[in-house]
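Working notes, beginning with the structure itself.
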Amino acid sequence: AAKQTGEPCRTWTAELDERAGEHARLGAELRAALDAGQFQVVYQPIVRMPEGRVTAVEALVRWQHPQRGMVSPAAFIPVAEQNGLIVELGAWILQTACRQMARWRAELGPTGPDRISVNVSARQLARAGFPATVAATLAATGLPAQCLTIEVTETAVFGGGQALTALHELRALGVRIALDDFGTGHSSLGLLQTVPVDVLKVDKSFVDNITEAGRHTVIARALIQVSEGLGLTAVAEGVETAEQAAALYDLGYRLLQGYYFGKPSADPDFQPRPAAAVPV
Ligand code: C2E
Ligand code: CA
Ligand code: CA
Ligand code: CA
(Lines give C-alpha, C1' and ligand atoms only; values in the text may rest on other atoms or scores of the structure.)
(Ligands and ions follow the chains in the order given, each with its own letter.)
Protein backbone atom coordinates (compact mmCIF):
# COMPACT_ATOMS: atom_id res chain seq x y z
CA ALA A 1 0.00 0.00 0.00
CA ALA A 2 2.89 2.29 0.83
CA LYS A 3 4.23 1.71 -2.64
CA GLN A 4 0.91 2.67 -4.19
CA THR A 5 0.25 5.84 -2.20
CA GLY A 6 3.65 7.09 -1.12
CA GLU A 7 5.85 6.65 -4.10
CA PRO A 8 3.81 8.22 -6.88
CA CYS A 9 3.17 11.15 -4.58
CA ARG A 10 6.87 11.77 -3.99
CA THR A 11 7.63 11.47 -7.68
CA TRP A 12 4.87 13.85 -8.57
CA THR A 13 6.00 16.42 -5.99
CA ALA A 14 9.58 16.18 -7.19
CA GLU A 15 8.45 16.69 -10.73
CA LEU A 16 6.38 19.72 -9.77
CA ASP A 17 9.30 21.19 -7.84
CA GLU A 18 11.54 20.67 -10.81
CA ARG A 19 9.05 22.31 -13.12
CA ALA A 20 8.53 25.23 -10.74
CA GLY A 21 12.32 25.63 -10.51
CA GLU A 22 12.67 25.61 -14.25
CA HIS A 23 9.89 28.15 -14.50
CA ALA A 24 11.61 30.48 -12.02
CA ARG A 25 14.93 30.03 -13.82
CA LEU A 26 13.36 30.85 -17.17
CA GLY A 27 11.68 33.89 -15.64
CA ALA A 28 15.01 35.25 -14.39
CA GLU A 29 16.63 34.51 -17.75
CA LEU A 30 13.94 36.50 -19.55
CA ARG A 31 14.74 39.56 -17.48
CA ALA A 32 18.43 39.25 -18.37
CA ALA A 33 17.59 38.56 -22.02
CA LEU A 34 15.60 41.79 -22.27
CA ASP A 35 18.51 43.75 -20.79
CA ALA A 36 20.96 41.98 -23.12
CA GLY A 37 18.91 42.74 -26.24
CA GLN A 38 18.25 39.10 -27.13
CA PHE A 39 14.67 39.70 -28.27
CA GLN A 40 13.80 40.44 -31.83
CA VAL A 41 10.57 41.26 -33.63
CA VAL A 42 9.80 39.50 -36.92
CA TYR A 43 6.99 40.30 -39.36
CA GLN A 44 4.57 38.08 -41.25
CA PRO A 45 2.57 39.38 -44.25
CA ILE A 46 -1.24 39.48 -44.36
CA VAL A 47 -2.22 39.38 -48.01
CA ARG A 48 -5.32 40.63 -49.83
CA MET A 49 -6.79 38.37 -52.48
CA PRO A 50 -7.01 38.25 -55.44
CA GLU A 51 -4.28 40.82 -56.15
CA GLY A 52 -1.87 39.41 -53.57
CA ARG A 53 -0.93 42.76 -52.10
CA VAL A 54 0.55 42.80 -48.58
CA THR A 55 -1.96 45.02 -46.78
CA ALA A 56 -0.70 44.39 -43.27
CA VAL A 57 1.99 42.64 -41.27
CA GLU A 58 1.80 40.90 -37.90
CA ALA A 59 4.64 41.51 -35.45
CA LEU A 60 5.83 38.34 -33.66
CA VAL A 61 8.50 38.27 -30.97
CA ARG A 62 11.54 35.98 -31.06
CA TRP A 63 14.12 35.13 -28.41
CA GLN A 64 17.56 34.46 -29.80
CA HIS A 65 19.09 32.52 -26.92
CA PRO A 66 22.92 32.41 -27.02
CA GLN A 67 23.01 28.66 -26.24
CA ARG A 68 19.57 27.27 -27.03
CA GLY A 69 19.06 29.15 -30.27
CA MET A 70 15.61 30.44 -31.21
CA VAL A 71 13.13 29.95 -28.37
CA SER A 72 9.44 29.89 -29.32
CA PRO A 73 7.20 32.62 -27.89
CA ALA A 74 4.75 29.84 -27.01
CA ALA A 75 7.40 28.73 -24.47
CA PHE A 76 8.29 32.08 -22.91
CA ILE A 77 5.27 34.40 -23.28
CA PRO A 78 3.29 32.44 -20.64
CA VAL A 79 6.25 32.71 -18.25
CA ALA A 80 6.60 36.44 -18.90
CA GLU A 81 2.85 36.74 -18.30
CA GLN A 82 3.16 35.02 -14.98
CA ASN A 83 6.14 36.94 -13.61
CA GLY A 84 4.90 40.27 -14.97
CA LEU A 85 7.81 40.90 -17.35
CA ILE A 86 5.28 40.88 -20.21
CA VAL A 87 4.42 44.49 -19.34
CA GLU A 88 7.96 45.69 -20.05
CA LEU A 89 8.63 43.18 -22.84
CA GLY A 90 5.29 44.01 -24.43
CA ALA A 91 5.99 47.73 -24.32
CA TRP A 92 9.33 47.06 -26.05
CA ILE A 93 7.64 44.92 -28.74
CA LEU A 94 5.01 47.61 -29.34
CA GLN A 95 7.63 50.32 -29.62
CA THR A 96 9.82 48.24 -31.96
CA ALA A 97 6.89 47.31 -34.20
CA CYS A 98 5.50 50.86 -34.41
CA ARG A 99 8.94 52.29 -35.17
CA GLN A 100 9.44 49.73 -37.96
CA MET A 101 5.99 50.44 -39.41
CA ALA A 102 6.65 54.19 -39.37
CA ARG A 103 9.91 53.50 -41.24
CA TRP A 104 8.16 51.37 -43.88
CA ARG A 105 5.57 54.09 -44.37
CA ALA A 106 8.33 56.61 -45.00
CA GLU A 107 10.33 54.29 -47.27
CA LEU A 108 7.61 52.45 -49.20
CA GLY A 109 4.68 54.87 -49.14
CA PRO A 110 1.47 53.49 -50.63
CA THR A 111 3.21 50.38 -51.99
CA GLY A 112 4.02 49.25 -48.45
CA PRO A 113 1.65 47.68 -45.91
CA ASP A 114 -1.19 49.85 -44.57
CA ARG A 115 -1.01 48.65 -40.98
CA ILE A 116 0.77 46.59 -38.42
CA SER A 117 -0.76 44.10 -36.01
CA VAL A 118 0.72 43.69 -32.52
CA ASN A 119 -0.19 40.87 -30.10
CA VAL A 120 -1.10 41.95 -26.59
CA SER A 121 -1.45 39.49 -23.73
CA ALA A 122 -4.20 39.40 -21.11
CA ARG A 123 -2.04 40.84 -18.37
CA GLN A 124 -0.85 43.76 -20.51
CA LEU A 125 -4.38 44.62 -21.52
CA ALA A 126 -5.66 44.46 -17.94
CA ARG A 127 -3.14 47.08 -16.74
CA ALA A 128 -4.86 50.41 -16.26
CA GLY A 129 -2.06 52.29 -18.08
CA PHE A 130 -2.08 50.24 -21.27
CA PRO A 131 -4.05 52.62 -23.55
CA ALA A 132 -1.83 55.49 -22.39
CA THR A 133 1.27 53.44 -23.27
CA VAL A 134 -0.14 52.87 -26.75
CA ALA A 135 -0.92 56.57 -27.19
CA ALA A 136 2.58 57.52 -26.04
CA THR A 137 4.18 54.97 -28.37
CA LEU A 138 2.20 56.27 -31.35
CA ALA A 139 3.24 59.81 -30.50
CA ALA A 140 6.91 58.86 -30.04
CA THR A 141 7.13 56.91 -33.30
CA GLY A 142 4.92 59.22 -35.35
CA LEU A 143 2.71 56.34 -36.42
CA PRO A 144 -0.96 57.24 -37.06
CA ALA A 145 -3.34 55.27 -34.83
CA GLN A 146 -5.16 54.03 -37.95
CA CYS A 147 -2.01 52.07 -38.86
CA LEU A 148 -2.07 49.97 -35.69
CA THR A 149 -4.14 46.89 -34.90
CA ILE A 150 -4.02 45.35 -31.44
CA GLU A 151 -4.57 41.56 -31.41
CA VAL A 152 -6.16 40.13 -28.28
CA THR A 153 -7.41 36.65 -27.54
CA GLU A 154 -10.95 35.88 -26.52
CA THR A 155 -9.82 34.79 -23.07
CA ALA A 156 -8.08 38.13 -22.48
CA VAL A 157 -11.36 40.02 -22.87
CA PHE A 158 -13.74 37.38 -21.57
CA GLY A 159 -13.86 38.71 -18.03
CA GLY A 160 -14.80 42.25 -19.10
CA GLY A 161 -13.57 44.75 -16.50
CA GLN A 162 -10.44 46.76 -17.21
CA ALA A 163 -9.64 44.78 -20.37
CA LEU A 164 -12.95 45.84 -21.89
CA THR A 165 -12.43 49.46 -20.80
CA ALA A 166 -9.01 49.36 -22.46
CA LEU A 167 -10.48 48.18 -25.75
CA HIS A 168 -12.92 51.10 -25.75
CA GLU A 169 -10.09 53.54 -25.01
CA LEU A 170 -7.90 52.06 -27.75
CA ARG A 171 -10.72 52.37 -30.24
CA ALA A 172 -11.30 55.97 -29.20
CA LEU A 173 -7.65 56.57 -30.16
CA GLY A 174 -8.39 55.18 -33.62
CA VAL A 175 -6.61 51.85 -33.09
CA ARG A 176 -8.25 48.69 -34.48
CA ILE A 177 -9.02 45.65 -32.38
CA ALA A 178 -8.60 42.11 -33.68
CA LEU A 179 -9.89 39.00 -31.91
CA ASP A 180 -7.11 36.42 -32.30
CA ASP A 181 -7.57 32.65 -32.66
CA PHE A 182 -11.25 33.36 -33.21
CA GLY A 183 -13.58 30.42 -32.74
CA THR A 184 -11.41 28.53 -30.24
CA GLY A 185 -12.55 30.29 -27.03
CA HIS A 186 -15.46 29.58 -24.72
CA SER A 187 -17.78 32.30 -25.93
CA SER A 188 -16.66 33.38 -29.37
CA LEU A 189 -20.03 34.51 -30.69
CA GLY A 190 -21.25 35.77 -27.32
CA LEU A 191 -18.27 38.10 -27.07
CA LEU A 192 -19.23 39.81 -30.31
CA GLN A 193 -22.32 41.19 -28.60
CA THR A 194 -20.33 43.17 -26.05
CA VAL A 195 -16.70 43.55 -27.12
CA PRO A 196 -15.69 46.38 -29.48
CA VAL A 197 -13.93 44.61 -32.34
CA ASP A 198 -12.97 45.32 -35.94
CA VAL A 199 -11.21 42.17 -37.13
CA LEU A 200 -11.82 38.44 -36.61
CA LYS A 201 -8.75 36.27 -37.04
CA VAL A 202 -10.20 32.89 -37.87
CA ASP A 203 -8.02 30.27 -36.22
CA LYS A 204 -5.71 27.99 -38.16
CA SER A 205 -7.59 24.93 -36.88
CA PHE A 206 -10.51 25.84 -39.17
CA VAL A 207 -8.17 26.41 -42.11
CA ASP A 208 -6.23 23.15 -41.76
CA ASN A 209 -8.89 20.84 -43.24
CA ILE A 210 -10.69 23.41 -45.34
CA THR A 211 -10.10 21.55 -48.60
CA GLU A 212 -12.07 18.49 -47.44
CA ALA A 213 -15.82 18.97 -47.40
CA GLY A 214 -16.63 18.65 -43.73
CA ARG A 215 -17.32 20.47 -40.51
CA HIS A 216 -14.29 22.79 -40.75
CA THR A 217 -15.63 24.15 -44.00
CA VAL A 218 -19.10 24.62 -42.54
CA ILE A 219 -17.65 26.56 -39.57
CA ALA A 220 -15.34 28.65 -41.76
CA ARG A 221 -18.34 29.57 -43.92
CA ALA A 222 -20.40 30.49 -40.85
CA LEU A 223 -17.58 32.67 -39.49
CA ILE A 224 -17.21 34.70 -42.69
CA GLN A 225 -20.98 35.21 -42.71
CA VAL A 226 -20.97 36.44 -39.11
CA SER A 227 -18.04 38.68 -39.92
CA GLU A 228 -19.71 40.21 -42.98
CA GLY A 229 -23.05 40.52 -41.22
CA LEU A 230 -21.48 42.52 -38.41
CA GLY A 231 -19.41 44.66 -40.74
CA LEU A 232 -16.11 43.19 -39.50
CA THR A 233 -12.99 42.21 -41.38
CA ALA A 234 -12.09 38.52 -41.42
CA VAL A 235 -8.51 37.24 -41.68
CA ALA A 236 -7.85 33.52 -42.15
CA GLU A 237 -4.71 32.36 -40.29
CA GLY A 238 -2.29 29.54 -40.99
CA VAL A 239 -2.80 29.21 -44.76
CA GLU A 240 -0.13 26.77 -45.92
CA THR A 241 -1.20 25.71 -49.42
CA ALA A 242 -2.59 27.15 -52.64
CA GLU A 243 -5.56 24.78 -52.27
CA GLN A 244 -6.44 26.21 -48.85
CA ALA A 245 -6.11 29.75 -50.21
CA ALA A 246 -8.44 28.91 -53.11
CA ALA A 247 -11.01 27.25 -50.83
CA LEU A 248 -10.99 30.25 -48.48
CA TYR A 249 -11.35 32.64 -51.40
CA ASP A 250 -14.39 30.65 -52.60
CA LEU A 251 -15.96 31.03 -49.16
CA GLY A 252 -15.48 34.81 -49.35
CA TYR A 253 -12.25 35.32 -47.40
CA ARG A 254 -10.13 38.10 -48.87
CA LEU A 255 -7.42 38.55 -46.24
CA LEU A 256 -5.14 35.56 -45.75
CA GLN A 257 -2.06 34.93 -43.65
CA GLY A 258 0.21 31.89 -43.49
CA TYR A 259 3.40 30.20 -44.56
CA TYR A 260 2.05 29.91 -48.12
CA PHE A 261 2.30 33.70 -48.48
CA GLY A 262 5.29 34.24 -46.25
CA LYS A 263 6.86 33.11 -43.00
CA PRO A 264 7.59 35.60 -40.25
CA SER A 265 10.79 37.37 -41.25
CA ALA A 266 13.08 40.05 -39.90
CA ASP A 267 13.38 41.50 -43.37
CA PRO A 268 10.08 41.02 -45.18
CA ASP A 269 9.83 41.42 -48.90
CA PHE A 270 6.70 43.43 -49.55
CA GLN A 271 6.51 42.58 -53.20
CA PRO A 272 3.30 40.74 -54.03
CA ARG A 273 3.77 37.12 -54.95
CA PRO A 274 3.68 36.18 -58.64
CA ALA A 275 0.26 35.76 -60.26
CA ALA A 276 0.56 31.97 -59.95
CA ALA A 277 0.06 32.32 -56.22
CA VAL A 278 -3.32 33.98 -56.67
CA PRO A 279 -5.98 31.28 -56.65
CA VAL A 280 -8.52 32.90 -58.98
P1 C2E B 1 -0.57 33.88 -32.84
O2 C2E B 1 -0.73 35.30 -32.44
O3 C2E B 1 -1.79 33.12 -33.19
O4 C2E B 1 0.46 33.93 -34.05
C5 C2E B 1 0.42 33.06 -35.14
C6 C2E B 1 1.44 31.96 -34.99
O7 C2E B 1 1.28 31.01 -36.05
C8 C2E B 1 2.88 32.43 -35.08
O9 C2E B 1 3.68 31.57 -34.27
C10 C2E B 1 3.19 32.22 -36.56
O11 C2E B 1 4.57 32.12 -36.82
C12 C2E B 1 2.48 30.94 -36.80
N13 C2E B 1 2.09 30.75 -38.20
C14 C2E B 1 1.80 31.69 -39.12
N15 C2E B 1 1.46 31.13 -40.29
C16 C2E B 1 1.54 29.80 -40.11
C17 C2E B 1 1.31 28.67 -40.97
O18 C2E B 1 0.96 28.78 -42.14
N19 C2E B 1 1.50 27.43 -40.40
C20 C2E B 1 1.89 27.26 -39.11
N21 C2E B 1 2.05 26.03 -38.65
N22 C2E B 1 2.10 28.31 -38.28
C23 C2E B 1 1.93 29.55 -38.78
P24 C2E B 1 4.73 32.15 -33.24
O25 C2E B 1 5.43 33.35 -33.81
O26 C2E B 1 5.57 31.00 -32.78
O27 C2E B 1 3.84 32.68 -32.05
C28 C2E B 1 3.07 31.80 -31.27
C29 C2E B 1 2.15 32.57 -30.35
O30 C2E B 1 2.92 33.29 -29.37
C31 C2E B 1 1.32 33.62 -31.06
O32 C2E B 1 0.19 33.04 -31.68
C33 C2E B 1 0.98 34.54 -29.91
O34 C2E B 1 -0.08 34.00 -29.16
C35 C2E B 1 2.25 34.49 -29.09
N36 C2E B 1 3.09 35.65 -29.45
C37 C2E B 1 3.97 35.78 -30.46
N38 C2E B 1 4.52 37.02 -30.47
C39 C2E B 1 3.95 37.69 -29.44
C40 C2E B 1 4.09 39.04 -28.92
O41 C2E B 1 4.83 39.88 -29.45
N42 C2E B 1 3.34 39.35 -27.82
C43 C2E B 1 2.48 38.45 -27.23
N44 C2E B 1 1.78 38.82 -26.16
N45 C2E B 1 2.32 37.20 -27.70
C46 C2E B 1 3.05 36.82 -28.79
CA1 CA C 1 -1.82 36.99 -33.35
CA1 CA D 1 -3.74 33.62 -34.03
CA1 CA E 1 -2.47 30.98 -31.97
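Note that these values count all heavy atoms, side chains included, but never hydrogens, waters or copies made by symmetry. Both ligands and their constituent atoms are indexed starting at 1 by order of listing. The first residue in the sequence is number 1, and the count goes up from there.
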### Summary
With rounding to 10 degrees, Glu58 OE2, the Ca ion (ligand 2) and Asn119 OD1 define an angle of 90°
### Query
Tell me, which N, O or S atom in Asp181 is closest to the Ca ion (ligand 3)?
OD1
### Query
Under the 6.0 Å and 45° cation-pi test, does Arg254 pair with Tyr249?
yes
#### Entry: N or O contact, Gln257 vs ligand 1, cut-off under 3.5 Å
no
### Query
Counting heavy atoms only, which of Leu60, Val41, Val152 is nearest atom 31 (C) of ligand 1?
Leu60
### Query
At a 4.0 Å threshold, what atoms of ligand 1 neighbour a non-hydrogen atom of Pro264?
11 (O)
### Task
In plain terms, say whether Arg53 and Asp114 are close enough for a salt bridge, that is, a side-chain N and a carboxylate O under 4.0 Å apart.
yes
### Message
Counting only heavy atoms, tell me which of Ala97, Ser72, Pro73 gets closest to atom 35 (C) of ligand 1.
### Response
Pro73
### Query
Glu237 heavy atoms, cut-off 4.0 Å: which ligand 1 atoms fall inside?
3 (O)
### Summary
Quick note on ligand 1: atoms under 4.0 Å from a heavy atom of Gly238 include exactly 16 (C), 17 (C), 18 (O)
#### Entry: Reported CD-to-CG distance for the pair Glu58 and Asn119, which is rounded to 0.5 angstrom
4.5 Å
### Task
Select one of side chain, backbone, both or neither to describe which atoms of Lys204 lie under 4.0 Å from any atom of ligand 1, heavy atoms only.
side chain
### For Ser121, atoms of ligand 1 separated by under 4.0 Å from a heavy atom
44 (N)
### Query
Given Val71, Asp181, Asn119, Leu94, which one has a non-hydrogen atom that is nearest to atom 43 (C) of ligand 1?
Asn119
#### Entry: Any Glu81 heavy atom less than 4.0 Å from ligand 1
no
### Summary
Row for the Ca ion (ligand 2): angle OD2 (Asp180) to OE1 (Glu151), 10° precision, value 90°
### Task
For ligand 1, indicate whether the residue Thr153 contacts it via side chain, backbone, both or neither (heavy-atom separation under 4.0 Å).
neither
### Query
Salt bridge between Lys204 and Asp181, side-chain N to carboxylate O under 4.0 Å?
no
